[in-house]
Each structure stands twice: as C-alpha cells, then as structure tokens.
Amino acid sequence: MIIGVPKEIKNHEYRVGMTPASVRELIGHGHSVFVEHNAGMGIGFTDEDYQAVGASVLATAAEVFAKADMIVKVKEPQAVERAMLRDGQILFTYLHLAPDPEQTADLIKSKAVCIAYETVTDNKGGLPLLAPMSEVAGRMSIQAGARALEKSCAGRGMLLGGVPGVAPAKVVVIGGGMVGANAAQMAVGLGADVTVLDRNVDVLRRINAQFNGAVKAIYSTAEALEQEVLAADLVIGGVLVPGAAAPKLVTRDHIKRMKPGSAIVDVAIDQGGCVETSKPTTHADPTYIVDDVVHYCVANMPGAVPRTSTFALNNATLPFIIRLANKGYKQALQDDKHLLAGLNVYRGLVTNESVAEALNLAYVAPEVALNA
Ligand SMILES: NC(=O)c1ccc[n+]([C@@H]2O[C@H](COP(=O)([O-])OP(=O)(O)OC[C@H]3O[C@@H](n4cnc5c(N)ncnc54)[C@H](O)[C@@H]3O)[C@@H](O)[C@H]2O)c1
C-alpha cells in the first residue's frame with residue numbers, strides 16, 4: 001500500500017502522523033511511504049531522516065494526497081485537505097466530528113474511508129488512541145501546576161516537594177483515570193503530599209496498589225471533595241464522564257474559600273472543565289486569576305510537547321496502521337471490532353452513531369456499510 005504523511009497545517013500544530021521509526025516499520029512490511037517536505041521539521045525530524053529509512057519526500061500536500069492509498073495524520077483535515085480526499089482513500093487521524101458539521105459534510109462528500117483515532121476501542125473498554133494524550137496531559141499538569149505555584153505566576157510561592165525541614169505542597173487530583181494516575185505519579189515523584197479522589201472504588205484500589213499507599217485514595221463525596229480542595233495548594237481536574245460535559249465539582253464558593261495563591265490545573269477543560277470558574281486558555285497565555293486562585297486551563301496541553309506526544313501517539317497508532325496497510329481497509333475492519341469502532345464515515349455513509357445523532361444525519365452500522 002502507498003501511505004501518505006502530510007505536514008499538519010492546523011495553527012500551532014507541530015505533531016506529525018508518523019515518525020521516521022514508524023515509517024521504517026511500514027517499509028519493512030513492504031509498503032511505500034510518501035512524506036511531505038518538512039512534515040516533521042517542527043519536532044526535529046528532517047526530510048533526510050525520513051529518506052534514510054526509505055520514505056520518498058514530496059514537495060506539496062497535493063502530491064502526497066494524490067499518491068496515497070492511506071493518509072495518516074494527527075489533527076482533523078482542514079478544508080483544503082478535505083478537498084484533496086478521494087473515493088475509497090483511507091484517512092486515519094483524529095476527527096472529532098460530532099461538533100463539526102462542515103467537516104462531516106465534506107468527508108461524506110469525499111467518499112473516503114474515514115477512521116477516527118478517538119473512537120477506536122480496546123477490550124478493556126478504553127480508548128487506546130486517546131489514552132496517550134491523557135498520559136501526556138496528566139504528567140504535564142504537574143509541571144504546569146508547579147509553575148503556577150511560583151510567586152511570579154501569582155502562586156503561593158511553594159515548591160511542590162518542599163525541602164528537608166519544610167512540608168511539601170498538598171496536591172489534590174480529582175479523577176484517578178489516565179490523567180489522574182499520571183498526575184499522581186509525577187507529583188509523588190517530586191515529593192508532594194498527594195490525594196486522589198474518584199467515584200469508582202476499583203480506580204481507588206488501583207491507585208492504592210500502584211503507589212503502595214504513598215497516595216491517599218479517597219472516595220469522592222461532595223464532603224470529601226470540599227475538604228480536600230479547601231486544604232489543597234494545587235488541584236488537578238482530571239474527571240471524565242464519557243460522552244458528557246465534565247461535572248462542575250469545584251464551585252465558585254470553593255474557589256472563594258481556597259488558600260490565596262493556590263492553583264488549579266483543569267485538564268478536563270476540553271469537556272467544559274470540572275471547575276465552575278474555568279474557561280479555556282492557550283499556551284501563549286495559559287493562566288488567569290479568580291479570587292486569588294491561579295487557573296491553568298489549556299485545552300490542548302499535549303501541543304506544548306509535540307515531540308513526546310508524536311512518539312506516544314505513534315506507539316499507539318502504529319499497530320493499526322500496519323494492519324490497515326497489510327490487509328487493506330475492508331479486511332482489517334472486518335477482522336477487528338475495535339478498529340471498526342473507529343470508522344466514522346465510510347464512502348459517503350455516517351457509520352458512528354453518536355456523530356449521526358449529534359448532527360442529525362442518517363446512521364448506517366459500520367458492518368452493514370462495509371458490506372453494502
Ligand atoms: N486539556 C487537555 O489537553 C487534555 C488532554 C488529554 C485529556 N484531557 C481530558 O482529561 C479528562 C480526563 O481524561 P482521562 O483520560 O483521564 O479519563 P478517564 O476516563 O481515564 O478518567 C476519568 C476518571 O474520572 C472519574 N470520575 C468521574 N466522575 C467523577 C466524580 N464526580 N468525582 C471523581 N471522579 C470522577 C472516573 O471514575 C474516572 O476514573 C477528559 O476530559 C479528557 O478529555 C484533556
């Protein structure tokens with residue numbers, strides 16, 4: 001199969017669909033890879049790096065789209081990219097179609113086979129191609145929180161780990177899933193006093209076992225949450241109720257009563273945030289203050305570390321890319337119900353129920369569409 005890797009064109013997006021190491025794997029399986037000029041430049045992969053593993057470099061995205069049987073990207077295709085898709089071509093990338101009627105209409109029109117990273121599933125009930133970005137954001141949240149606690153950011157002027165003779169900062173992580181567990185790991189590593197709150201007892205058990213009791217794992221009642229948040233120096237918001245907006249667990253009243261100079265990193269901001277006073281911010285201007293509490297609410301945290309994020313994403317996507325390339329989309333989708341769950345638009349038909357429902361479009365089950 002011919003695989004195409006265009007340069008990402010969304011504003012400030014430096015990640016790339018495939019690393020040179022991933023390209024080498026595909027070529028090892030007998031496929032051809034065409035990479036757009038400077039596709040990986042933003043994170044230190046040169047055209048020569050791609051050529052060294054056997055890829056061909058093409059000058060423009062148009063040439064990559066024209067040649068490829070499968071396009072591998074990171075972000076949803078922008079309008080100019082959508083116009084280059086064609087009947088039967090595979091598009092494998094993040095799509096996030098439910099809130100995006102324009103993109104969905106263009107993908108339907110293109111008749112391409114559009115597989116969305118974010119809806120591919122695994123046999124543990126997880127979303128394996130979304131998880132790496134939660135790992136990155138969870139780990140980054142402690143870096144961001146540590147910075148927010150510095151005096152120059154209007155924080156309390158505390159070091160997370162303290163020093164011998166000085167108590168560490170108290171970090172309260174709401175939600176012990178992928179974001180929360182990774183945040184807890186970084187905070188413990190820095191020597192902070194860490195508590196994780198969750199409503200799922202199995203999650204609390206896992207946290208307890210993972211940290212051998214070094215992290216307090218507390219059931220998240222309204223009372224426990226209030227107690228912990230009011231005592232915290234740093235709060236990390238990492239809750240998720242799948243398919244729903246994040247519940248506003250930290251209220252405006254809590255914010256008023258929190259310690260002056262304490263900080264909140266609301267990672268769940270991409271689902272509306274779990275703090276009543278949260279509003280999305282950007283890497284260029286990541287924090288603002290409400291009632292003396294520093295708020296960090298960047299909606300695309302992994303974008304700050306595109307090199308790490310690209311490797312993390314590729315580790316997760318590569319096995320699927322190889323299967324799609326080796327078997328062709330039809331066989332690969334028929335053989336794997338988890339990959340099939342990623343099929344959002346198939347040759348003009350909407351094959352993801354939530355997307356169809358959100359946009360009031362006709363839904364065709366993916367297995368029906370594939371055999372149509
Ligand atoms: N800002 C960013 O750049 C960025 C990046 C990655 C992920 N995220 C977001 O971070 C959030 C968390 O993602 P995740 O992958 O860790 O999800 P996850 O499903 O792995 O974990 C979420 C946890 O929240 C818990 N939870 C739900 N309701 C709760 C409540 N009322 N009190 C306490 N805990 C509760 C769940 O039991 C679960 O353990 C999501 O909204 C995700 O979209 C944001």
Side-chain angles (χ1 to χ4, degrees), residues 10 12-13 15 74-75 94 96 98-99 117-122 124-145 172-186 195-208 210 215-229 232 235-251 254 264-276 278-283 286-287 295-306 308-309 312-313 316:
K10 200 168 175 178
H12 290 298
E13 181 55 66
R15 288 175 290 176
V74 179
K75 296 303 280 185
Y94 287 119
H96 297 288
Y117 291 161
E118 71 274 8
T119 63
V120 172
T121 53
D122 63 21
K124 291 173 272 175
L127 301 169
L129 305 191
L130 212 48
M133 295 304 104
S134 288
E135 287 174 321
V136 170
R139 289 178 180 219
M140 245 195 89
S141 69
I142 297 302
Q143 278 177 222
V172 173
V173 182
I174 311 174
M178 202 51 92
V179 164
N182 279 278
Q185 187 179 340
M186 292 299 109
T195 302
V196 172
L197 294 157
D198 205 289
R199 288 189 91 96
N200 181 334
V201 179
D202 288 333
V203 170
L204 296 174
R205 285 196 185 103
R206 185 171 40 70
I207 294 284
N208 188 64
Q210 181 179 347
V215 167
K216 285 166 246 109
I218 309 270
Y219 190 79
S220 182
T221 59
E223 180 162 322
L225 186 124
E226 177 169 296
Q227 227 168 35
E228 292 295 329
V229 164
V235 173
I236 307 294
V239 300
L240 176 67
V241 178
K248 301 288 181 205
L249 300 174
V250 178
T251 64
H254 291 147
I264 294 187
V265 176
D266 195 351
V267 185
I269 189 67
D270 63 339
Q271 299 289 333
C274 60
V275 177
E276 216 173 3
S278 288
K279 57 171 198 244
T281 59
T282 62
H283 290 294
T287 59
H295 290 54
Y296 174 104
C297 305
V298 174
N300 65 329
M301 293 173 69
V305 289
T308 301
S309 301
L313 181 60

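Order of listing sets the numbers, starting from 1, for every ligand and every atom in it.
The protein atom (non-hydrogen) at minimum distance from atom 44 (C) of ligand 1 is Val267 O, 3.0 Å. Summary of contacts: the protein heavy atom closest to atom 3 (O) of ligand 1 is Met301 N, 2.7 Å. In terms of protein heavy-atom proximity, atom 5 (C) of ligand 1 is closest to Ala137 CB, 3.3 Å. Atom 39 (O) of ligand 1 has its closest protein heavy atom at Asp198 OD2, 2.7 Å. The closest protein non-hydrogen atom to atom 15 (O) of ligand 1 is Ser134 OG, 2.7 Å. Nearest to atom 31 (N) of ligand 1 among the protein's heavy atoms is Arg199 CD, 3.2 Å.
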**Trace of the side chain to side chain contact (heavy atoms under 4.5 Å, CB included) decision for Met140 with Met186** = CA-CA 9 Å; Met140 245 195 89; Met186 292 299 109; over 6 Å; no
**Request:** Would you check, one step at a time, whether the test side chain to side chain contact (heavy atoms under 4.5 Å, CB included) holds for Val229 with Ile174?
**Result:** CA-CA 9 Å; Val229 164; Ile174 311 174; 4.3 Å; yes
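Using a 4.5 Å heavy-atom threshold, the side chains of Asp266 and His295 count as separate. The shortest distance between side-chain heavy atoms of Tyr219 and Val201 falls below 4.5 Å. Proximity of Met133 to Met178: side-chain heavy atoms (C-beta onward) are nowhere separated by under 4.5 Å. Within the 4.5 Å cutoff, the side chain of Glu118 has heavy atoms near those of the His96 side chain. Counting heavy atoms from C-beta outward, Ile236 and Val267 have side chains that approach closer than 4.5 Å. Using a 4.5 Å cut-off on side-chain heavy atoms (C-beta onward), Asp198 and Ser220 make no contact.
Residue-to-ligand polar distances keep Leu249 apart from ligand 1: every N/O pair is separated by 3.5 Å or more. Not a single N or O atom of Asn200, backbone or side chain, sits closer than 3.5 Å to an N or O atom of ligand 1. The shortest N or O to N or O distance between Val179 and ligand 1 is below 3.5 Å. Ligand 1 has an N or O atom lying under 3.5 Å from an N or O atom of Ala299, backbone or side chain. Any N or O atom pair closer than 3.5 Å counts here, and Ala268 shares no such pair with ligand 1. Annotation: Ile269 places no N or O atom under 3.5 Å from an N or O atom of ligand 1; distance criterion only. Considering backbone and side-chain atoms alike, Val203 places every N or O at 3.5 Å or more from each N or O of ligand 1.
Residue Ile207 comes nearest to Gly176 through the heavy atom pair CD1-O, 3.8 Å, listed as atom of the first residue, atom of the second, then distance. Taking all atoms of both residues into account, the shortest heavy-atom contact from Ile269 to Val298 is CG2-O, 3.5 Å. Residues His283 and Ala304 come closest through the heavy atom pair CE1-CB, 3.4 Å.
Closest heavy-atom approach to atom 32 (N) of ligand 1 within the set Ala222, Ser141, Ser220: this belongs to Ser220. Atom 22 (C) of ligand 1 has its nearest heavy-atom neighbour, among Leu240, Asn182, Asp202, Thr221, in Leu240. Here atom 8 (N) of ligand 1 lies nearest to Asp270 when heavy atoms of Val173, Val239, Asp270 are compared. Of the candidates Met178, Gln271, Glu135, the one placing a heavy atom closest to atom 20 (O) of ligand 1 is Met178.
For NE2 of His12, the number of neighbouring non-hydrogen atoms (other residues, nucleotides, ligands) closer than 6.0 Å is 12 at most.
Note on ligand 1: Val298 sits in its first shell, one or more heavy atoms being nearer than 4.0 Å. Under a 4.0 Å heavy-atom criterion, Gly238 is in contact with ligand 1.
By the side chain to side chain contact (heavy atoms under 4.5 Å, CB included) test, Gln227 pairs with no residue at all, sequence neighbours left out.
Close contacts of ligand 1 with Pro302, meaning ligand atoms under 4.0 Å from a residue heavy atom, involve 3 (O). Close approach to Asn300 involves these atoms of ligand 1, each under 4.0 Å from a residue heavy atom: 3 (O).
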